[in-house]
Amino acid sequence: MAGPSTGGIAATRRAQARLGLALVAPAVVLVVTFFLFPLGTAGYYSLTSWDGAPGSAPFVGLANYTEMLRDGEMWHALLNNGIWVVVGTVAPLVIGLVLAVLLWSGARGAVIYRLLFFFPRVLPSVVIGIVWGWIYDPLNGWLNRMLDAVGLGAITKGWLGDARLALYAVLFAAIWATFGFVVVIFLAALQNVDIELVDAARLDGANAAQRLWHVILPQITPVFLMVTTLTLVGGISVFDIVFIMTGGGPGNATQVLGTYSFQSAFQLNRIGYGTSVALLITVLSVPFVVILNRLQRRLALNETGA
Amino acid sequence: MKSGTARAVAVVAAAAFALAACTGGSAGNQSTGAGGASASVSGKPGGAITLLIGQPENPQDLVLTKQDLAKFTRQTGVQVKLNVINNDNLRTILQTQLRSGSGPDVFGYDTGPGFAGVLAKAGLLYDLTQTYQDRKWPIYDWAKQRVTFNGKVVGIPDQVEEVGVFYNKTMFDKYGLKPPQNVSDLESTAEKLKAAGVTPFTFSDKEGWEAGHQLSIVLSSAVGESGIKDLLDGKKPWNSPEVVSAIDLFFQQFKDKEYLPKSSNAITYDNANALFYQQKAAMNPTGTWLVSDIKDAAKFDVGFFPFPAPDGPGIFSGGLGGGTFVSAKTKNPQGALAYLDYILTKDHGKWQAEQHNSIPAFPIETQGLQVTPLFSQILADTSKIAGSGQSGEFGYNIDVLTTDAFNKAMWDGLQSVLAGQMTPHQVADSLEAAAKKSASGA
């Protein structure tokens with residue numbers, strides 16, 4: 001029996017290639033327009049000393065990057081990002097996991113709790129920042145009023161005005177805004193956990209912590225990694241809530257890379273330098289995303305988890 | 001506007017206001033256009049413009065502004081869409097809007113190199129140089145200089161201000177206190193108030209700029225007009241002992257002696273004013289832009305004195321506050337310029353003084369103005385800087401005369417002193433470093 005002619009195969013392949021190109025074109029256009037082009041432009045501006053004025057953007061090579069290495073304020077902001085990444089990732093994960101497991105275990109009123117916990121997630125960060133700013137207000141904020149009411153007036157203070165506490169005060173607000181999202185995601189993942197394994201562990205005498213650590217957590221690891229990636233990258237690129245609540249102050253106490261980049265570019269008119277700091281945020285985020293994604297994929301291939 | 005500039009120009013007190021009647025200028029039809037390029041602006045104004053202003057301290061002022069805009073629309077046919085945003089967000093939001101081309105046609109903003117100068121440098125402001133010549137706008141020359149950058153006039157200065165200390169006269173009378181005649185007098189006044197359970201000063205610094213104004217008034221009184229001018233001109237270093245002492249006095253000693261509210265760094269400007277209105281604090285160091293708010297909110301007599309010098313009653317800091325600017329990317333330059341014409345009319349100047357209790361940067365007739373005694377005093381004081389002659393010594397408000405990099409060093413540094421993170425010496429050194437960096441153009 002004669003096979004298809006060579007010309008016919010070639011024509012089919014050309015048609016398939018055209019179809020493939022047509023299908024992939026919209027995605028390519030979007031990626032180029034909204035990712036590669038801005039990234040390339042940012043890369044270019046980071047090599048200039050552009051001050052925002054129309055016209056020339058003097059090329060300065062790697063000067064912005066070398067300045068960044070010598071810039072104490074940048075290192076201070078980076079340290080604050082480090083604190084944010086650690087505390088702002090661990091706290092919502094731990095709180096979210098514990099609450100999700102409690103709700104999953106059949107706590108009464110689970111639906112209401114789920115709604116309450118998720119509520120902050122639907123609020124814009126700006127609103128969260130403003131509301132928590134009111135809560136922390138030293139004169140009229142209810143935190144100080146509450147402390148006064150329970151006889152702890154001695155520890156009242158201007159929470160956002162104390163250089164040692166301000167970062168943690170903002171972080172607390174951010175954790176409040178994040179943990180509900182973690183609860184909901186974990187709850188969804190827990191629906192796929194094999195109950196028989198949990199029951200078997202219970203019969204074998206495993207306590208609640210052991211069941212969580214050795215039985216439940218391994219089954220939701222990919223989701224756990226996904227949530228970790230999101231919160232961790234959010235910690236590196238944090239901007240809005242800090243900007244709203246403290247603007248990086250008092251002094252530079254709550255300065256993070258995002259606010260520092262913004263201030264450099266748009267308040268000090270150093271677009272080139274600000275862009276370099278913004279690119280640093282990208283560079284810092286990428287390895288975490290890649291590593292956690294690979295780990296997640298490997299676990300999925302090994303059919304581990306939800 | 002919360003910033004004021006001190007331009008201690010000469011003599012001519014109230015007469016300066018009474019002189020020269022001003023008109024809105026003739027309806028010239030040529031102007032220079034966006035980004036400094038020459039462009040023709042002709043034809044009858046019409047269409048619509050967007051006006052962006054910071055939220056006035058007194059909500060009633062916004063009502064008055066809306067009424068005024070309605071009158072402008074009736075007179076010119078130009079519709080105005082008014083946008084109002086929080087003053088503390090104005091700086092960041094405006095720059096971003098103007099750069100993206102989605103900004104307002106006309107907007108209120110602070111003058112000086114650290115504010116309007118930054119926008120001018122970035123080519124975001126409409127060049128009004130030719131329009132000034134064509135329409136003969138009667139702005140004081142010294143005020144015009146504050147909105148001139150690289151030889152281009154880019155705005156209309158619209159407010160002459162003073163920064164000093166408002167005090168609760170009723171409370172002072174109650175405790176037998178008088179406006180202090182020197183720093184030690186001020187300290188004994190503060191001690192008496194403290195003993196009576198009143199916070200001597202209300203003071204906020206959450207936004208950062210408040211400390212810049214405070215340093216301006218303490219330093220201006222300590223070193224005098226020529227001394228602060230030398231600092232601003234780079235003839236004297238910012239880490240000189242007088243600067244260190246001024247920072248130390250208010251931000252360290254007054255804080256330690258509990259003359260200021262606890263946690264000033266966490267208190268907003270509005271809340272600090274509320275402490276004054278509620279009579280929980282007796283003195284409010286701020287600028288004359290607050291007079292309108294004081295008129296409505298303070299249920300007691302209010303006086304105004306300069307922050308005292310170590311050896312005398314001190315001097316007010318004053319000069320130019322805000323201005324009105326046109327975006328380089330305005331789509332309706334005729335409408336925008338018609339608005340500038342309108343706010344520079346004699347009638348509008350009188351309306352501004354009587355209704356907003358703020359002083360325009362052009363001569364107005366002060367005879368028969370219906371104003372409060374407090375504003376009368378301020379009118380008399382500021383007349384010494386507003387006219388063309390010099391009749392008294394005036395200090396400068398630092399932040400509207402310095403660069404954004406210097407202001408950042410000042411605001412961050414003074415917050416850090418209040419937070420116990422930096423010493424006055426360290427802040428003075430960082431001010432000097434920032435001044436040198438700015439002077440070198442880095």
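Protein chains get the first letters and strands the later ones, always in sequence-line order, with residue 1 at the start of each. What you are looking at is a predicted structure, and each value in this text was computed from that prediction instead of being measured.
The shortest heavy-atom contact between A/Gly158 and B/Ala266 is CA-CB, 3.6 Å. Nearest approach of B/Gln95 to A/Gln267, heavy atoms of both residues: NE2-CA, 4.3 Å. For the residue pair B/Ser263 and A/Lys157, the shortest heavy atom distance occurs at OG-C, 3.8 Å.
Annotation for A/Phe239: atom CZ counts as buried by contact number, over 12 foreign heavy atoms lying within 6.0 Å. Heavy-atom contacts from other residues, nucleotides or ligands closer than 6.0 Å to NZ of B/Lys280 number 12 or fewer. Remark: A/Phe118 CZ is packed, more than 12 non-hydrogen atoms of other residues, nucleotides or ligands lying under 6.0 Å away. More than 12 heavy-atom neighbours from other residues, nucleotides or ligands sit within 6.0 angstrom of NE2 on A/His76. The number of heavy atoms from other shown groups lying within 6.0 Å of CG (B/Asp256) is above 12. In A/Phe172, the CZ atom is not crowded: 12 or fewer heavy atoms of neighbouring residues, nucleotides or ligands sit closer than 6.0 Å.
For chain A, the nearby part of B/Leu275 is the side chain; its heavy atoms alone come within less than 4.5 Å. At a 4.5 Å heavy-atom cutoff, the contact between A/Thr156 and chain B is made by backbone and side-chain atoms alike. For a residue to count as touching a neighbouring chain, one of its non-hydrogen atoms must lie under 4.5 Å from one of that chain's; by this rule A/Ile271 touches chain B with the side chain only. Heavy atoms of A/Leu160 lying under 4.5 Å from chain B belong to its backbone as well as its side chain.
Top candidate by heavy-atom pairs under 4.5 Å with chain A, chosen from B/Asp404, B/Leu418, B/Asp205, is B/Asp404. By number of non-hydrogen pairs under 4.5 angstrom with chain B, the leading residue of A/Asp162, A/Asn269, A/Ile244 is A/Asn269. Interface remark: of the candidates A/Tyr136, A/Phe262, A/Trp159, A/Phe262 forms the most heavy-atom pairs closer than 4.5 Å to chain B.
Rounding to the nearest 0.5 Å places CG of B/Asn407 at 9.5 Å from CG of A/Leu268.
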message = Working note: A/Asn252 + B/Lys408, criterion side-chain contact (heavy atoms from CB on, under 4.5 Å); need CA distance, chi angles, decisive distance, verdict.
response = CA-CA 10 Å; A/Asn252 292 315; B/Lys408 185 174 182 334; 3.6 Å; yes
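Side-chain atoms of B/Asn271 and A/Asp137 include a donor-acceptor pair closer than 3.5 Å.
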